[in-house]
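Notes for the one structure printed next.
Keep in mind that what you see is a predicted model, and the values were worked out from it rather than measured.
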Amino acid sequence: MFRELTPNEAFQTHCLAQMGVASWLSAPEGVAGTVFSPAQPWAVTGVDSVIELPSDSVFSSAEQSTDIGGFGAAIPEPIVKVLPEEKEKSVNYLREQLNAGPEIIVEDLQPIEELAVDIAVEAQPETKHQMMHLDIRAYALSNKLLILSDVPHVFSQAEDIERLALKMGQALLKESVEEWQSSAFSWPDALKNPHFLGRSDWLFGAVESYVGRLANSFSDAPMLVLAGNQITQLIDDLPENSVLKQYPTARIVSLPELYRIPELRKDAWQAMQASFFRDKR
């Protein structure tokens, strides 16, 4: 008949047995205890988990007992070793899965894709291809020549472009330009009202009024130079009875382009000569 030791007594007996000390407990009957050891990161030779103390010897060595009831010993789980052949098979199988088709990988990302795409976007009303934004500089020279040029939205070369416009005016008029003025015109953006997005007559009227004020001081119809695609397109879109379409007009590239690329000035000069002086040749 055995008596179960407390955990502290069992641990003390286990430690003494490791040091080779005989049991220090004396009892008329046998005693047994279980020591729960934590799993070791390194392999341990032998596991002393159960200690039996025989009753006939007080100073006998502790012996192990593996056939007892109650809790078993806490034995570390064995390390499973994978053979190189099996590891190679697993790697090949994984490669086959990855190369089988995109649905294997995309399947897990599908919920994220649906959430990212499911965004309510208001439908934009359809608009016609009409001029909605315009930035120009105007140069009135000697009450004879009027230059309208496209400029960038953020324009920082005003003085350089003014000098270029004066040189062009002197070359065309063949006289020094004593009286001149420059001004800017900007139409910020399209109309925000969805019912009037296709309307551009406000811009047409604004440009006609702007150019009309500049030409009021001209004794005769001004020679009009349209420099740039935007101002040229806008004038072409005006009604046929517009006053601006009655002026002798030359179409060239914008003054900022002429300033940055001097090679274009020859073509611009020929276009202005052909438009203003074709009858004087």
Side-chain angles (χ1 to χ4, degrees), residues 131-188 200-281:
M131 191 70 61
M132 295 295 179
H133 180 83
L134 185 65
D135 287 294
I136 62 174
R137 286 294 178 99
Y139 303 94
L141 309 176
S142 299
N143 292 330
K144 295 180 181 179
L145 179 65
L146 181 60
I147 304 175
L148 303 178
S149 175
D150 294 344
V151 293
H153 181 61
V154 180
F155 185 56
S156 60
Q157 297 176 324
E159 296 182 358
D160 298 330
I161 300 304
E162 285 179 358
R163 286 194 291 267
L164 179 60
L166 289 175
K167 292 180 180 179
M168 288 175 53
Q170 291 177 359
L172 281 174
L173 300 176
K174 298 180 181 180
E175 62 183 33
S176 61
V177 177
E178 302 294 340
E179 183 180 357
W180 64 279
Q181 63 174 334
S182 65
S183 58
F185 176 87
S186 179
W187 190 262
S200 57
D201 51 336
W202 282 278
L203 177 57
F204 291 161
V207 171
E208 286 181 331
S209 177
Y210 172 70
V211 177
R213 289 195 301 271
L214 294 175
N216 281 337
S217 59
F218 286 37
S219 56
D220 296 326
M223 293 185 295
L224 181 62
V225 177
L226 301 179
N229 295 329
Q230 287 188 324
I231 186 61
T232 300
Q233 183 63 44
L234 188 139
I235 298 300
D236 291 341
D237 291 342
L238 288 174
E240 294 299 329
N241 58 354
S242 174
V243 179
L244 301 186
K245 286 196 171 183
Q246 313 306 319
Y247 300 151
T249 305
R251 292 168 170 81
I252 62 174
V253 296
S254 65
L255 295 188
E257 292 181 77
L258 288 180
Y259 178 75
R260 292 193 299 269
I261 309 175
E263 291 78 7
L264 299 176
R265 297 178 185 179
K266 181 179 179 181
D267 296 337
W269 175 256
Q270 293 177 353
M272 291 185 291
Q273 289 289 320
S275 299
F276 298 142
F277 306 110
R278 70 180 74 181
D279 298 333
K280 296 182 181 182
R281 292 182 178 179

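For residues 208-229, there are no salt bridge (Lys or Arg N to Asp or Glu O under 4.0 Å) pairs, not counting sequence neighbours. Residue pairs meeting the ring-ring contact (aromatic ring centres under 6.0 Å, His included) criterion with at least one member in residues 158-186, sequence neighbours excluded: Phe185-Tyr210. Counting only residues at least two apart or on different chains, the ring-ring contact (aromatic ring centres under 6.0 Å, His included) pairs with a member in residues 152-175 are His133-His153. For the ring-ring contact (aromatic ring centres under 6.0 Å, His included) condition, no pair includes a residue of residues 222-254, sequence neighbours left out. Pairs passing the salt bridge (Lys or Arg N to Asp or Glu O under 4.0 Å) check and including a residue from residues 145-158, sequence neighbours excluded, do not occur.
Inter-residue side-chain proximity for Asn241 and Pro239 is flagged as met; some heavy-atom pair is nearer than 4.5 Å. The side-chain heavy atoms of Leu234 and Leu134, taken from C-beta on, include a pair separated by under 4.5 Å. Taking the side chain as every heavy atom from C-beta outward, Leu141 and Leu146 never approach each other to under 4.5 Å. Residues Phe277 and Leu172 meet the side-chain proximity criterion, which asks for heavy atoms closer than 4.5 Å.
Here the CG-CH2 distance, from Asp267 to Trp269, works out to 13.5 Å after rounding to the nearest 0.5 Å. With rounding to the nearest 0.5 Å, the separation of CZ in Arg265 from CD1 in Ile252 is 11.0 Å. Rounded to the nearest 0.5 angstrom, Glu257 CD and Asn229 CG are separated by 7.0 Å. Rounding to the nearest 0.5 Å gives a distance of 12.0 Å between CG of Leu214 and CD1 of Ile147. Taking CG of Leu224 as the start and CD1 of Ile235 as the end, the distance is 6.5 Å to the nearest 0.5 Å.
Contacts of Gln170 classified as side chain to side chain contact (heavy atoms under 4.5 Å, CB included), with partners at least two apart in sequence or in another chain: Val177. Considering only residues two or more places apart in sequence or on other chains, Ser142 meets the side chain to side chain donor-acceptor pair (under 3.5 Å) condition with none of them. In this structure, Glu179 has no side chain to side chain donor-acceptor pair (under 3.5 Å) partners at least two apart in sequence or on a different chain. For Glu175, the salt bridge (Lys or Arg N to Asp or Glu O under 4.0 Å) partners at least two apart in sequence or on another chain are Lys144. Residues satisfying the salt bridge (Lys or Arg N to Asp or Glu O under 4.0 Å) test with Arg251, not counting sequence neighbours, are Asp236. Considering only residues two or more places apart in sequence or on other chains, Asp201 meets the salt bridge (Lys or Arg N to Asp or Glu O under 4.0 Å) condition with Arg199.
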Before you tell me yes or no, could you show the steps for Leu148 and Tyr139 under side chain to side chain contact (heavy atoms under 4.5 Å, CB included), namely the whole-Å CA-CA distance, both residues' side-chain angles and the distance that decides it to 0.1 Å?
CA-CA 7 Å; Leu148 303 178; Tyr139 303 94; over 6 Å; no
Using the side chain to side chain contact (heavy atoms under 4.5 Å, CB included) rule, take Thr249 and Leu244 through it: C-alpha gap first, then chi angles, then the decisive distance, then the call.
CA-CA 9 Å; Thr249 305; Leu244 301 186; over 6 Å; no
Checking side chain to side chain contact (heavy atoms under 4.5 Å, CB included) for the pair Met168/Met272: CA distance, chi angles, key distance, verdict?
CA-CA 10 Å; Met168 288 175 53; Met272 291 185 291; 3.7 Å; yes
Could you walk me through whether Met223 and Leu173 satisfy the side chain to side chain contact (heavy atoms under 4.5 Å, CB included) test, starting with their C-alpha distance in whole Å, then the side-chain angles of each, then the deciding distance to 0.1 Å, before giving a yes or no?
CA-CA 10 Å; Met223 293 185 295; Leu173 300 176; 3.4 Å; yes
All N/O donor-acceptor pairs, side-chain side in residues 158-167, below 3.5 Å, sequence neighbours left out:
residue: Asp160; atom: OD1; partner: Arg163; partner atom: NH2; Å: 2.4
residue: Asp160; atom: OD2; partner: Tyr259; partner atom: OH; Å: 3.3
residue: Glu162; atom: OE2; partner: Ser182; partner atom: OG; Å: 3.1

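Closest heavy-atom contact between Pro248 and Phe276: O-CE2, 3.4 Å. For the residue pair Pro152 and Asp135, the shortest heavy atom distance occurs at O-CB, 4.3 Å.
Between the side chain of Arg137 and the main chain of Ser149, no donor-acceptor pair closer than 3.5 Å is present. Ser242 contributes no side-chain N or O that, together with a main-chain N or O of Leu238, makes up a donor-acceptor pair within less than 3.5 Å. Using a distance-only test at 3.5 Å, with no hydrogens or angles considered, no donor-acceptor pair links the side chain of Ser254 to the main chain of Ala227. Side-chain N or O atoms of Ser209 include none that pairs as donor or acceptor with a backbone N or O of Gly205 at under 3.5 Å.
Side-chain contact, Glu178 with Ser176: a donor N or O sits under 3.5 Å from an acceptor N or O.
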